[in-house]
Participant: 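Structure in structure tokens, see below.
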Amino acid sequence: MKTLKYFALASVLTLGLTSCGDFGDLNTDPEHLNENNVPYSMLFANAQHQALGSDWDMWRTGCIYSSQWTQQLSSIGWWDSYGRYNYSDGYSASFWDTYSSDRGAMRDVTTCYDKWNGVAGMEVDWNMARVMRIYAFAKMTDLYGDIPYSEAGRPALYSYPKYDSQEDIYKSMLAELDEAQANLTGAAKMGSQDLYYQGNASQWKKFANSLMLRLAMRLVKVDPTTAKTYAAKAVANGVMESNADNCILEHSDGVTTNDSAEPFAKIMAHEDREFYLSDVFVNMLKNTNDPRLSAIGTICGTRYGSNGVPERSDQVTDIQQTGGWSENNSAYKDVYGDYGNMAMDAQNGMPVGGYSSSPTSKYTVSAVDPWMAKNDANIFYIYVKEDGKKDTIYNYEVYYNHYSTVNRYTYADQKAPTFIVTYAQTKLLMAEAALRGFINGNAKTYYEDGVKAAFAQFEQFPNAAGATKVAFPEGATAAANAYLAANPYNETKALEQINTQYYINTFGDPHEVFANWRRSGYPVLESAPMAALDGSCATDGSIPRRFRYPSTESQVNKTNYDAAVARQGGDTFSTRVWWDKEN
């Protein structure tokens, strides 16, 4: 019952705390927590959960922003302006807010880090806290750049913590990971309170080294010497060896009415169906005949003809209905009762570019999608007959009958695990490291192992069988082998192949997709076509490179905020973080 445990803990920690959305608030004394009222192992579990994000920030920094910027998801009618790179302080700041107030992942893991340091018998637990703290801070600095690090999460000592430079943060994180992994042997005192590995130190060691490899490879553009040093250390120390080593957070009791669900899946299962697979992502998979598309996407809301036979969306020419509409008389079967059409050739991505659903908008999607142009008169309303009267309601059916949504057997299943760091990702990073001469071994072998692991990773979704029977009818291994035979490793295009596979495997983790895309440049993406036309675009029309700090930071922590902005060269969507050096 892990889900109930960490959800209950989050509720406990909410008491007595306020939410101001800044690091000053993060350092608010959390009601004098001590071993007599809340065991520190519970704080650690809460940090493990909240460091991954909630539906609040996953929705905003993850789906509205990161997934649209990296063109895995698209939205029209709800969040199209943010696909044109419009700025919202609340949305940009949402992940920062996760680390303060009632969520407090930074505060909680730092409390454990400090309380267990030097305590006899708590050596394993302390080193786990070191690794967990680094994971949390790495995610934060990758999104924002310079952040409070050395002074963050310690309210009794620092009311307004300074911002450390990202360069200093990265060097500290890599060195500490190397120290921590060397001392991860045996079992932790907290046992099952550890939501990732139930206190198994050997698993934490592999996690630490795989995370070290990830962070080392972030530096290939700005500090290849350090990247090489720590990539080699990570592999020599021992990284993940199979999917059984994957660092995941399970949500076996997940429901969408609270924080127990997988956050990305919770959003994708939302009744408003706000996001769809993009045409860039769908076409990328289709062009290589990648069967994973059938396990990632589906066309839901199939129209049923008068004979009860479902019709494909490309056969629908007139969606306007006559007569009454009701729950029992709908031409579309609701997404909650229909897992949809998962066939690869049925998938259709929503155009990337910040398009609007309105046929009268200058951003209208009808200009680039002939099907939508043909049916734009029906985009907004359908008729419902109630007591002899006609009412108008929003016609969601146009979208989810035509565009692929996220598959409810896998990434839109609220009981799905959150993938934190995986064996597939690790193998792909090893392939790049070998290609660059950072580590020994064959880049082609590492690459192929990574692709095979990525296919097999679908087996870790608890309800994946409903999708994999369509995607991999002969099994994941056979499907991966066939895919590799049809799309062989090509050393002249290896960097693109490796990082495109990483892009596919990290679907569902928009922040990691955004980070690796920035540091690698792959896949090659074009800016949103409509961004240059939007006077509210927060960039010059180019894809954003980072998130802006919360506006409150310029008020409550002004001296430290100003120093960070001056050091970074600005606080805009276009300001690059330290490791994102422009070539």
Side-chain angles (χ1 to χ4, degrees), residues 130-131 133-147 149-150 163-184 205-240 421 425-447 450 491-499 501-503 506 512 514-522 545-546 564 567-569 575-583:
R130 297 172 83 183
V131 176
R133 188 171 184 269
I134 289 165
Y135 174 83
F137 276 104
K139 183 180 280 285
M140 186 69 133
T141 188
D142 286 346
L143 293 177
Y144 295 97
D146 293 5
I147 59 168
Y149 174 70
S150 58
Y163 288 56
D164 296 89
S165 73
Q166 189 178 64
E167 179 177 7
D168 289 344
I169 292 169
Y170 256 79
K171 290 179 178 178
S172 173
M173 292 192 300
L174 288 166
E176 188 158 8
L177 278 173
D178 195 29
E179 290 179 7
Q181 66 83 30
N183 292 286
L184 282 166
K205 182 182 182 74
K206 294 176 184 178
F207 171 41
N209 288 315
S210 299
L211 178 60
M212 187 194 305
L213 176 62
R214 173 188 284 188
L215 301 186
M217 297 303 289
R218 290 277 201 267
L219 309 186
V220 294
K221 291 195 293 187
V222 69
D223 188 353
T225 299
T226 299
K228 179 177 181 178
T229 296
Y230 281 97
K233 279 178 176 286
V235 174
N237 291 341
V239 295
M240 294 176 178
V421 175
Q425 295 163 14
T426 301
K427 278 295 185 180
L428 292 168
L429 291 173
M430 289 174 67
E432 182 174 342
L435 187 69
R436 292 180 180 275
F438 291 179
I439 63 172
N440 295 325
N442 185 280
K444 177 177 181 291
T445 300
Y446 292 144
Y447 171 78
E491 190 165 346
T492 64
K493 298 180 179 180
L495 282 177
E496 181 175 7
Q497 285 184 310
I498 291 165
N499 286 288
Q501 291 299 321
Y502 196 95
Y503 173 86
T506 46
E512 180 59 20
F514 182 44
N516 197 68
W517 171 76
R518 284 178 289 156
R519 76 100 194 160
S520 72
Y522 295 110
R545 308 298 298 193
R546 67 177 281 274
R567 186 167 54 239
Q568 285 191 154
T575 305
R576 290 173 178 253
V577 302
W578 167 71
W579 53 252
D580 185 19
K581 181 179 179 181
E582 190 168 9
N583 293 329

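Count residues from 1 along the sequence.
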Participant: Can you run down the salt bridge (Lys or Arg N to Asp or Glu O under 4.0 Å) pairs that involve residues 224-237, sequence neighbours left out, and say none if there aren't any?
Facilitator: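 Pairs touching residues 224-237 that pass the test: D178-K233.
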
Participant: Mind checking whether F438 and V220 have side chains closer than 4.5 Å, heavy atoms only?
Facilitator: yes

Participant: Can a cation-pi geometry be assigned to R545 and W517, taking NZ or CZ under 6.0 Å from the six-membered ring centre and within 45° of the ring axis?
Facilitator: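 Yes, R545 sits over the ring of W517.
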
Participant: Check side-chain contact (heavy atoms from CB on, under 4.5 Å) between N183 and all other residues, then give those that pass, not counting sequence neighbours.
Facilitator: N127

Participant: Determine the minimum heavy-atom distance between L213 and A234, stating which atoms define it.
Facilitator: N-CB, 3.8 Å

Participant: Between F514, F137, Y170, which is the residue that forms a side chain to side chain contact (heavy atoms under 4.5 Å, CB included) with D142?
Facilitator: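 Testing each of F514, F137, Y170 against D142, the sole residue satisfying side chain to side chain contact (heavy atoms under 4.5 Å, CB included) is Y170.
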
Participant: Kindly compute the distance separating CH2 (W579) from OG1 (T141), expressed to the nearest 0.5 Å.
Facilitator: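 Rounded to the nearest 0.5 Å, the CH2-OG1 separation comes to 9.0 Å.
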
Participant: Kindly write out the residues that satisfy side-chain contact (heavy atoms from CB on, under 4.5 Å) with V235, not counting sequence neighbours, or none if the list is empty.
Facilitator: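 Testing V235 for side-chain contact (heavy atoms from CB on, under 4.5 Å), a comparison that skips the adjacent residues, returns M430, I439.
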
Participant: Rounded at 0.5 Å granularity, tell me how far OH in Y135 sits from CG in L177.
Facilitator: 13.0 Å

Participant: Tell me whether D168 contacts the main-chain N or O of D164 through its side chain, where contact means a donor paired with an acceptor under 3.5 Å.
Facilitator: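 No; zero donor-acceptor contacts below 3.5 Å.
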
Participant: So do the side chains of E491 and L435 get within less than 4.5 Å of each other, counting heavy atoms only?
Facilitator: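 E491 reaches L435 side chain to side chain.
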
Participant: Could you tell me which non-hydrogen atom of Y446 sits nearest to which non-hydrogen atom of G441, and how far apart they are?
Facilitator: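 Closest approach of Y446 to G441: OH-CA, 3.4 Å.
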
Participant: Taking K221 for the side chain and K581 for the main chain, is one N or O donor matched with an acceptor at less than 3.5 Å?
Facilitator: yes

Participant: With heavy-atom distances below 4.5 Å as the criterion, would you say the side chains of N516 and Y503 are in contact?
Facilitator: no

Participant: Find the distance between CE (M212) and CE (M217) and round it off to the nearest 0.5 Å.
Facilitator: 14.0 Å

Participant: Keeping the roles fixed (side chain from S210, backbone from K206), state whether a donor-acceptor pair exists under 3.5 Å.
Facilitator: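 Side chain of S210 to backbone of K206: a pair is present.
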
Participant: I'd like to know if the side chain of T506 and the backbone of Y502 have a donor-acceptor N/O pair within less than 3.5 Å.
Facilitator: yes

Participant: Do you know which two heavy atoms are closest between A216 and A227, and how far apart they sit?
Facilitator: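 Distance-wise, the nearest heavy atoms are O-CB, 3.2 Å.
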
Participant: Are any non-hydrogen side-chain atoms of L215 and I134 less than 4.5 angstrom apart?
Facilitator: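 In short, these two side chains touch, coming nearer than 4.5 Å.
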
Participant: Determine whether a donor-acceptor pair (N or O, by modelled atom type, separation under 3.5 Å) exists between the side chain of E167 and the backbone of W578.
Facilitator: no

Participant: Residues in side-chain contact (heavy atoms from CB on, under 4.5 Å) with E496, at least two apart?
Facilitator: T500, Y522

Participant: Taking the basic N atoms (NZ, or NE/NH1/NH2) and the acidic carboxylate oxygens, is any pair closer than 4.0 Å for R130 and E179?
Facilitator: yes

Participant: Looking at every heavy atom in both G145 and Q166, which two are closest together, and how far apart are they?
Facilitator: CA-NE2, 3.9 Å

Participant: Ignoring hydrogens and geometry, is there a side-chain-to-backbone donor-acceptor pair from N442 to T445 under 3.5 Å?
Facilitator: yes

Participant: Tell me every residue that passes ring pair (Phe, Tyr, Trp, His ring centres under 6.0 Å) with F207, counting only those two or more places apart in sequence or in another chain.
Facilitator: W204

Participant: Is any side-chain heavy atom of I147 less than 4.5 Å from a side-chain heavy atom of I169?
Facilitator: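 Side chain of I147 against side chain of I169, heavy atoms only: contact under 4.5 Å found.
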
Participant: Could you list the residues that satisfy side-chain contact (heavy atoms from CB on, under 4.5 Å) with T575, not counting sequence neighbours?
Facilitator: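 T575: side-chain contact (heavy atoms from CB on, under 4.5 Å) contacts with R546, Q568, T572.
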
Participant: Rounded to the nearest 0.5 Å, what separation is found between the CG atom of L219 and the CG atom of D580?
Facilitator: 12.0 Å

Participant: Write down the atom of L184, the atom of A208, and the distance for their closest heavy-atom approach.
Facilitator: CD1-CB, 4.5 Å

Participant: Between R214 and E512, is there a side-chain N and carboxylate O pair less than 4.0 Å apart?
Facilitator: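 Salt bridge flag = yes for E512 with R214.
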
Participant: Please examine the side chains of V577 and D146, heavy atoms only from C-beta on, and report whether any two atoms are closer than 4.5 Å.
Facilitator: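 Heavy-atom side-chain distance check fails, nothing below 4.5 Å.
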
Participant: Is the shortest distance from a Lys or Arg side-chain nitrogen in R519 or E432 to a carboxylate oxygen in the other one below 4.0 Å?
Facilitator: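 Yes, charged N to carboxylate O under 4.0 Å.
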
Participant: Is it the case that the side chain of R567 and the backbone of Y163 share a donor-acceptor pair, with hydrogens and angles ignored and the cut-off at 3.5 Å?
Facilitator: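 Side chain of R567 to backbone of Y163: a pair is present.
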
Participant: Measuring only between side-chain heavy atoms, which start at C-beta, is M173 closer than 4.5 Å to L211?
Facilitator: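 Not in contact.
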
